[in-house]
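Below, each value reflects all heavy atoms present in this structure, side chains not excepted, and no hydrogens, waters or symmetry copies. These numbers were taken from a predicted model, which means no experiment stands behind them.
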Amino acid sequence: MAERSTAAVDVADNSGDEPLTAQADQSTADGVAKNRERDTDSDEAQGSGGAERPGKTSAPELHSGHKLARRYRLEDCVTRLDGFSSWRAVDEKLRRAVGVHVLPADHTRARSVLAAARSSALLGDPRFVQVLDAVEENDLVYVVHEWLPDATELTTLLASGPLEPHDAYQMVSQIASAMAAAHREGLAHLRLNPNAVLRTSTGQWRIRGLAVNAALRGVSSDTPQRTDTEAIGALLYAALTQRWPYENDAYGLSGLPKAVGLIAPDQVRAGIHRGLSELAMRALVNDGATASRHESACATPEDLVKAIGEMPRIRPPEPAFTAPPEYQRTTYQQGSYGRPSVHPGATQTVRTPPPPLQSRTGKALKWAVSALLIAALGLGSWQLADALMDQGNSDDTNQTQTTDGDDNNSAAPKPVQQLKITGSQEYVASGSAQAPEDVDNTYDGDSSTFWRTKNYTEGPPLAPYKPGVGIVYDLGSAQEISAASIGLRYSGDHTTAKLYATDSLSPSTGISEMKEIGTADASGTSLTVKASKAVKTQYVLLWITAVPYAPTDGYSGAGYRQAITDVKFTG
């Protein structure tokens, strides 16, 4: 099977018509089809969900170099199947790589593909590969999406072995929360498999083909939430065991033995994390296969998010430090720098040291140095004697200083203590929330996870779009706060943050009625807010009113935004 780019959107399937499938390996208008898209799951391997038969409309004649909208130049065909084709292309206007799906305007699925693409684009969630354009033009329908050259498919990751428990935990956490957000907006994936899940170079997990992949393949489901939940369970099962939780082999993974049924991951492979094993089974019990020891089934992505939140957090493994190499003396340190090497067996000539200064100039120099040393000794002795005499003549009462027990300067400084955060909740003053499901990432001790704001077209001040965005933290009990250190993901321009004392995780008052603790600006990736005066409170609002300009990254395009990685309060 030919290798393919990890940035292409997963749309191919072995269940298509034979003539169309065969076309993927045959010569096309642009030569041999390179990096053919792969997706080996059939409806049986994928789980629940049905597929329509493809329309009989022939694929449009396209080739490398063809331009769409006089802007998108097609480069490599990665899929040619079921009357549509998928390409890696170049957006000549913005000079960036993009992916493009193309199908005839009279294709039986053209309307549903356009509708799915436009709905997905409106979601605007950075955890999904973004749809950039969806157009019907010149008897063609094409959908343009992000191309992520630095991302790696889960299929490729699993080819070398199962994931570490922390990586599997991060994957299922991020995928479940992203799909829960999509379902809240009425969007389903229905083709969620290892080819549709990507890990970026920064360690974040992203999902491609939301709604669009299913529309291209004509897949539908009467229970979309259940379908996507079972798919997430299958992803976690594969990540833990390197096996596909069905009898058929798929995605380069071996299926389970026939006639055995669905068994828990920790029964397939030794050493698997017990909590993750049970979580995978709770998501896969939609088919009724589970062991009696497992808790109730998770039928929706929201159920999975709650189940993950109830689990103990899985910490990343401790970094392995290699011992430094044993210290070796160099020839320079041994005093042989600049000397020729001695051959074995050869007699080394010992150089005679140069004679001491015997000339008239040398003798004068020695006498001058001796005179300076004698003068220095005499001066030092005189100063010492003078100091001793002054000490003897001083009054004893002047030698003792009384200490006032009430002197504040003599008190030991109060030690700085880091305050424990026991809970958090995003605070929304107006409009919609930013990323409420990620607020715990700001104090989980992992700098690779974060809570981020949405992307804004103007800044740094968030006004007039929003008065600000922020998170309320619960310190467990009333604590005196002296400062807060905040880790930031993006630098540049400036970030403005303020601390307020409030009454609960869901404040009953507005910002203007809260007690301000302190404010600070920063242009780097760290910010420290110091309290202007002592304030004692249990709930602290971190309020951001200005964010820097950040270039395009793996989450969204260029714009004004900020992300918080680590928050620590000290008292």
Side-chain angles (χ1 to χ4, degrees), residues 41-50 127 154 162-163 165 168-194 196-197 205 207 210 214 219-248 250-251 253 255-269 272-314 437:
D41 68 316
S42 63
D43 290 336
E44 181 180 0
Q46 175 68 15
S48 58
R127 293 170 294 189
L154 180 59
L163 300 185
Y169 173 79
Q170 288 294 323
M171 181 204 71
V172 71
S173 299
Q174 295 179 33
I175 297 300
S177 62
M179 289 309 305
H183 279 284
R184 285 194 293 268
E185 299 298 326
L187 293 172
H189 196 291
L190 306 183
R191 297 279 295 170
L192 196 56
N193 53 53
V197 176
W205 295 89
I207 303 171
L210 177 66
V219 175
S220 60
S221 173
D222 294 332
T223 56
Q225 295 205 52
R226 172 175 165 175
T227 300
D228 283 343
T229 304
E230 185 173 356
I232 298 172
L235 292 174
L236 179 57
Y237 196 104
L240 296 173
T241 64
Q242 204 184 10
R243 299 286 294 268
W244 192 236
Y246 303 97
E247 291 185 353
N248 292 355
Y251 313 106
L253 303 173
L256 296 178
K258 299 186 185 303
V260 172
L262 181 62
I263 56 178
D266 55 2
Q267 296 177 1
V268 176
R269 195 182 194 97
I272 288 179
H273 189 278
R274 179 72 173 272
L276 292 176
S277 175
E278 294 187 356
L279 186 67
M281 294 298 289
R282 292 178 65 183
L284 286 169
V285 294
N286 295 319
D287 279 344
T290 183
S292 59
R293 74 184 191 188
H294 297 297
E295 299 180 19
S296 59
C298 295
T300 67
E302 195 69 46
D303 291 343
L304 268 180
V305 172
K306 293 179 181 178
I308 294 169
E310 294 169 356
M311 289 177 54
R313 190 178 297 273
I314 300 176
E437 66 281 357

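Using a 4.5 Å heavy-atom threshold, the side chains of I175 and L304 count as separate. Using a 4.5 Å cut-off on side-chain heavy atoms (C-beta onward), R243 and P257 make contact.
The existence of a salt bridge linking R226 and E230 is excluded, since no basic side-chain nitrogen approaches an acidic carboxylate oxygen closer than 4.0 Å.
The OH atom of Y246 lies 13.0 Å from the CG atom of L253; values are rounded to the nearest 0.5 Å. Note that CE of M311 is 4.5 Å distant from CG of L276, once rounded to the nearest 0.5 Å. Interatomic distance, S177 OG to E302 CD, rounded to the nearest 0.5 Å: 9.5 Å. Between atom CH2 of residue W205 and atom CG of residue L154 there is a gap of 5.5 Å, rounded to the nearest 0.5 Å. The distance from atom CG of L240 to atom CG of L235, rounded to the nearest 0.5 Å, is 11.0 Å. To the nearest 0.5 Å, atoms CE (M281) and CG (L262) are separated by 4.0 Å.
Taking all atoms of both residues into account, the shortest heavy-atom contact from H273 to P165 is CB-CB, 4.4 Å.
Legend: residues meeting side-chain contact (heavy atoms from CB on, under 4.5 Å) with A214, ordered by chain and number and at least two apart, are L190, R191, V219. In this view, S173 and Y169, I308 satisfy the side-chain contact (heavy atoms from CB on, under 4.5 Å) rule, not counting sequence neighbours. Judged as a side-chain hydrogen bond (donor to acceptor under 3.5 Å, both in side chains), and not counting sequence neighbours, the contacts of H183 are D228.
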